[in-house]
Amino acid sequence: MNKAIILILVLISISCNRQIITPINFDSRGYEFKDEILTTLKQTGEVGFSATNFSFVSEHELLLKTMEVNDSVKQVLPDSIWTNIAVNSTNSNAKDYILNKAKEHDIVMFNENHFIPRHRNFVKSLLPGLYNLGYRYLALEAIGMLGDGTMYDKDLMRRTYPIKYTGH
């Protein structure tokens, strides 16, 4: 019995020693708490900046409320347009629809609201299906470059995962 316990402890020790642990250097500087973002919004009225910051810290409801702060951002459609949409449209599964349409094309492009992370998550959910259809290239906006074309996250390829300063 004692030999079995010793053998188990030796095997556990050997397996633990073989693990290679790669620490992730997560830099939280630059993220703001929701109260800080709300203060900035009240002081500056900067809707886009505040909405973006709320998206970084998963404050979805505050993000949406922020978008309504400035009436020029909010566009109200008349009831006649909503009635026209209801009468002339049908519901379908967006993922299935897009993947079926992608079979007929060589390029697929998506528009998303930078403030709404759910849009990016939806596109991400399409990637395996697009890959199965033969799509092999993904181009993204606002990743790794400054406005003048210089890199600000030179370690992205070596590190293999994005950090806050990789881009939006």
If you define the side chain from C-beta out and look only at heavy atoms, does anything of I81 sit under 4.5 Å from I85? yes

Using a 6.0 Å cut-off, check whether atom CG of D79 has over 12 heavy atoms from anything other than its own residue. no

Would you mind reporting whether Y97 and K101 have side-chain heavy atoms less than 4.5 Å apart? yes

Heavy atoms only: give me the nearest A102-Y135 pair and the separation to one decimal. O-OH, 2.7 Å

Heavy-atom nearest pair, A51 first then M67, reads CB-SD, 3.6 Å

Looking only at side-chain N and O atoms, does K124 offer a donor or acceptor that is under 3.5 Å from a partner on N121? no

Count I, L, V, M, F, W, Y as connected when their side-chain heavy atoms are under 4.5 Å apart, and connections chain through other members. Are Y131 and L127 then in the same cluster? no

The reported gap from OG in S50 to CG in L38 (rounded to nearest 0.5 angstrom) is 8.0 Å

Just how far is it from atom NZ of K65 to atom CG of L41, taken to the nearest 0.5 Å? 13.0 Å

Under the side-chain contact (heavy atoms from CB on, under 4.5 Å) rule, what do T66 and F54 come out as? Steps first, then yes or no, please. CA-CA 9 Å; T66 298; F54 280 131; 3.2 Å; yes

Grab the two heavy atoms, one from V108 and one from L130, that are nearest each other, plus how far apart they are. CG2-CD2, 4.4 Å

Do L64 and F56 share a hydrophobic cluster (ILVMFWY, side-chain heavy atoms under 4.5 Å, transitive)? yes

Tell me whether the count of non-hydrogen atoms from other residues, nucleotides or ligands lying under 6.0 Å of CG in L138 goes above 12. yes

Do I37 and V57 have side chains that get closer than 4.5 Å, going by heavy atoms? yes

Are there over 12 heavy-atom neighbours, none belonging to N132, within less than 6.0 Å of that residue's CG? yes

Look up atom CG in N53 and atom CD in E46, then write down how far apart they are to the nearest 0.5 Å. 10.0 Å

Take a 6.0 Å sphere around CZ of F110 and say whether it holds more than 12 heavy atoms from other residues, nucleotides or ligands. yes

CD of E61 to NZ of K34: how many Å apart, nearest 0.5 Å? 9.5 Å

When rounded to the nearest 0.5 angstrom, what distance separates OG1 in T40 from CG in D35? 11.0 Å

Evaluate the side-chain proximity of L133 to K103: yes if any heavy-atom separation is below 4.5 Å, no if none is. yes

Taking K95 for the side chain and S125 for the main chain, is one N or O donor matched with an acceptor at less than 3.5 Å? yes

Let's go through E112 and V123 carefully: what are the C-alpha distance in whole Å and the side-chain angles of both, what is the deciding distance for side-chain contact (heavy atoms from CB on, under 4.5 Å) to 0.1 Å, and is it a yes or a no? CA-CA 9 Å; E112 49 89 25; V123 172; 5.6 Å; no

